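Single-structure report; data block below.
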Amino acid sequence: MIISDNLNTYLIIAAILLVIGLYGMLQHRSLIGMLISSEFILNGAALNFMAFNRFVAPNPAVGQIYTLFIMGIAAAEAAIVVSIIIAVYRKYRSEDPEQVQDLKL
Amino acid sequence: MIVFQYIAEALFYAFMILTFLGGFMAVRSRMLMHAVLGLAVALIGVAGLYFHLGSPFLATMQVLIYVGAVCIMIVLGVMLGNTPDQLTTKNFSGRNLLLALSACATGFFTLFITIQQTKFAPAAQMVGDMSIRFVGENLLYKYCLAFELISVILLTAIIGAIILARGGREEVAK
């Protein structure tokens, strides 16, 4: 059975990636674990863009360009979040989001 | 030849399973390093799915940017923060696990039913093709402003990351 040429397959894989990210967001106890889960959510969105680009879009370059932009923004976001986590760890000696409660660093 | 089509289909299943296994590992593993490893595995699986969607260029970029840059950055964050072998997942008791699983299952089945019931019509007429040349032309003519904006965002992110991670080191520097 050929399922790799079907739009719904990719959409369901993207939905599963979103749910994996959501579950990891709920379960992980460290900020880096939550960052990893957010990468899954971003990848689900990018896979959606690529699937629609392949099957229904009139201009097949748009989805690829949007996916490239998502990758760039994810890289920028990861850099910012990692540096924030380093600053938080230097202040609190902990990465537990439940212990980091003051706004002022 | 038809046999190559079956091999491609088998590879599609392999990439799909790789994605799910990596996701499961990233979410359920108790060590942070294993979670990052699971993320890398899942991202390689998604790169294979991009290949099947007809864009080898994006598959390459996925491996280069995500697996090469983002995962390495997260690994650096893990090493600079806690000890890497620290246990990081919550000890989910029965009730919390049930609540988290039911929230995720509700979201997934809502999406699933919506996907199955929607009729996606293919485009009436196509412009261009999936080639990297067409992507480059679109990127530099039609989407030039967004292309420039993302370079500004990356520059801002680099400067912001340096300033944020540098704070509190003045005492050491003196």
Side-chain angles (χ1 to χ4, degrees), chain A residues 2-4 7-8 10-13 15-20 22-24 26-30 32-33 35-37 39-40 43 47 50-51 53-62 64-65 67-69 71-80 82-87 89-91 95 105, chain B residues 9 12 16 20 23 26-27 32 35-36 39 43 46 49-50 52-55 58 61 65-66 69-70 73-74 77-78 80-82 88-90 92 100 104 107-108 111-112 115-116 120 122-123 125-130 134-135 138-139 143 146 150 153-154 157-158 160-161 164-165 167-168:
Chain A
I2 303 289
I3 64 165
S4 70
L7 175 60
N8 283 8
Y10 292 99
L11 294 187
I12 289 170
I13 293 173
I16 292 175
L17 276 177
L18 169 75
V19 169
I20 287 173
L22 186 64
Y23 183 81
L26 290 172
Q27 171 153 32
H28 269 289
R29 201 173 53 187
S30 68
I32 288 188
L35 171 65
I36 291 171
S37 310
E39 297 294 336
F40 276 97
N43 256 279
L47 189 59
M50 276 305 287
N53 174 59
R54 162 78 173 75
F55 291 104
V56 297
N59 183 348
V62 178
Q64 301 187 54
I65 290 172
T67 310
L68 269 181
F69 286 166
M71 283 180 197
I73 289 178
E77 170 244 4
I80 290 285
V82 166
S83 60
I84 287 177
I85 288 171
I86 290 172
Y89 183 72
R90 199 176 283 144
K91 165 89 179 170
E95 284 180 1
L105 264 183
Chain B
E9 187 70 9
F12 176 80
M16 194 169 67
F20 295 155
V27 168
L32 214 45
V36 183
L39 175 69
L43 293 179
V46 175
L49 296 183
Y50 286 163
H52 274 272
L53 282 168
S55 178
L58 268 186
M61 284 300 124
I65 297 177
Y66 261 120
V70 174
M73 205 149 42
I74 295 175
V78 173
L80 289 175
N82 278 333
T88 61
T89 48
K90 281 175 189 155
F92 261 11
C104 294
F108 176 70
L111 281 172
F112 185 77
I115 288 167
Q116 292 288 4
F120 296 106
Q125 53 180 0
M126 300 279 286
V127 190
D129 48 8
M130 297 281 280
F134 190 60
V135 172
N138 269 276
L139 206 55
Y143 298 97
I150 204 151
I153 285 180
L154 279 173
I158 293 169
L164 273 173

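Each chain gets a letter, A, B and so on, in the order the sequences are listed, and its residues count up from 1. Everything numeric here is computed off the predicted structure, so don't read it as measured data.
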Next item on the list: Select one option (side chain, backbone, both, neither) describing which atoms of B:A69 are under 4.5 Å from chain A's heavy atoms.
Entry: neither
Next item on the list: Answer with side chain, backbone, both or neither: which region of A:A79 has an atom nearer than 4.5 Å to a non-hydrogen atom of chain B?
Entry: both
Checklist line | Side chains of A:L68 and B:I150 in contact at under 4.5 Å (non-hydrogen atoms) | finding: no
Next item on the list: With a 4.5 angstrom heavy-atom cut-off, could you sort out which part of B:I158 is near chain A: side chain, backbone, both or neither?
Entry: neither
Margin query: So, taking the atom named CG in A:N43 and the one named OH in B:Y66, what distance separates them when rounded to the nearest 0.5 Å?
Written below: 4.5 Å
Check: Which atoms of B:N138 come close to chain A, meaning under 4.5 Å heavy atom to heavy atom: side chain ones, backbone ones, both, or neither?
Finding: both
Item checked: Closest non-hydrogen atom pair, A:I80 against B:G160 -> CD1-C, 4.2 Å
Note to self: Taking the side chain as everything from C-beta on, heavy atoms only, tell me whether B:Q116 gets closer than 4.5 Å to A:I12.
What the structure shows: yes
Next item on the list: Return the option, out of A:P58, A:G24, A:A76, A:A61, with the maximum number of heavy-atom pairs under 4.5 Å with chain B.
Entry: A:P58
Note to self: Looking at chain A, which one of B:L154, B:I153, B:L139 has the largest number of heavy-atom pairs inside 4.5 Å, strictly under?
What the structure shows: B:L139
Note to self: I'd like to verify something: which residue of B:I74, B:V46, B:L111, B:V36 has the highest number of heavy-atom pairs under 4.5 Å with chain A?
What the structure shows: B:I74
Notebook entry, point to check: Relative to chain B, which segment of A:I73 carries a heavy atom at a distance below 4.5 Å: side chain, backbone, both, or neither?
Noted result: both
Note to self: So, using ring-ring contact (aromatic ring centres under 6.0 Å, His included) as the criterion, who are the partners of B:F108 when residues are at least two apart?
What the structure shows: B:F112
Margin query: Would you compute the distance between atom NE2 of B:H52 and atom CZ of A:R54 and round it to the nearest 0.5 angstrom?
Written below: 11.5 Å
Next item on the list: Counting only heavy atoms closer than 4.5 Å, note whether A:V82 contacts chain B via side chain, backbone, both or neither.
Entry: side chain
Next item on the list: Examine whether an atom of A:L7 lies under 4.5 Å from a heavy atom of chain B, and if so say whether it belongs to the side chain, the backbone or both; otherwise answer neither.
Entry: side chain
Next item on the list: Please report the closest heavy-atom contact between B:C104 and A:V19, naming both atoms and the distance.
Entry: CB-CG1, 3.5 Å
Notebook entry, point to check: For the candidates A:L17, A:L18, A:I16, A:N53, which exhibits the highest count of non-hydrogen atom pairs separated by less than 4.5 Å from chain B?
Noted result: A:I16
Margin query: Under 4.5 Å from any heavy atom of chain A, what part of B:L53 do you find: side chain, backbone, both or neither?
Written below: both
Next item on the list: Go through A:S37, A:G33, A:A15 and name the one with the most non-hydrogen pairs under 4.5 angstrom from chain B.
Entry: A:A15
Item checked: CG-CZ distance between A:N59 and B:F134, expressed to the nearest 0.5 angstrom -> 4.5 Å
Note to self: A:Q64: which residues meet the side-chain hydrogen bond (donor to acceptor under 3.5 Å, both in side chains) condition with it, sequence neighbours left out?
What the structure shows: B:S55
Next item on the list: Work out which heavy atom in A:A75 is nearest to a heavy atom in B:V70; give both atom names and the distance.
Entry: CA-CG2, 3.9 Å
Next item on the list: Search all heavy atoms of B:L32 against all heavy atoms of A:S30 and return the closest pair with its distance.
Entry: CD1-OG, 3.7 Å
Next item on the list: Answer with side chain, backbone, both or neither: which region of A:L35 has an atom nearer than 4.5 Å to a non-hydrogen atom of chain B?
Entry: side chain
Margin query: Using heavy-atom distances under 4.5 Å, tell me whether B:M61 contacts chain A through its side chain, its backbone, both, or neither.
Written below: both
Checklist line | Residue among A:V62, A:L22, A:V56 with most heavy-atom pairs under 4.5 Å to chain B | finding: A:V56
Margin query: Between B:L58 and chain A, with a heavy-atom cut-off of 4.5 Å, which part of the residue counts as in contact: side chain, backbone, both or neither?
Written below: both
Notebook entry, point to check: Which region of A:L11, side chain (C-beta onward) or backbone (N, CA, C, O), has a non-hydrogen atom less than 4.5 Å from a non-hydrogen atom of chain B, or is it both or neither?
Noted result: both
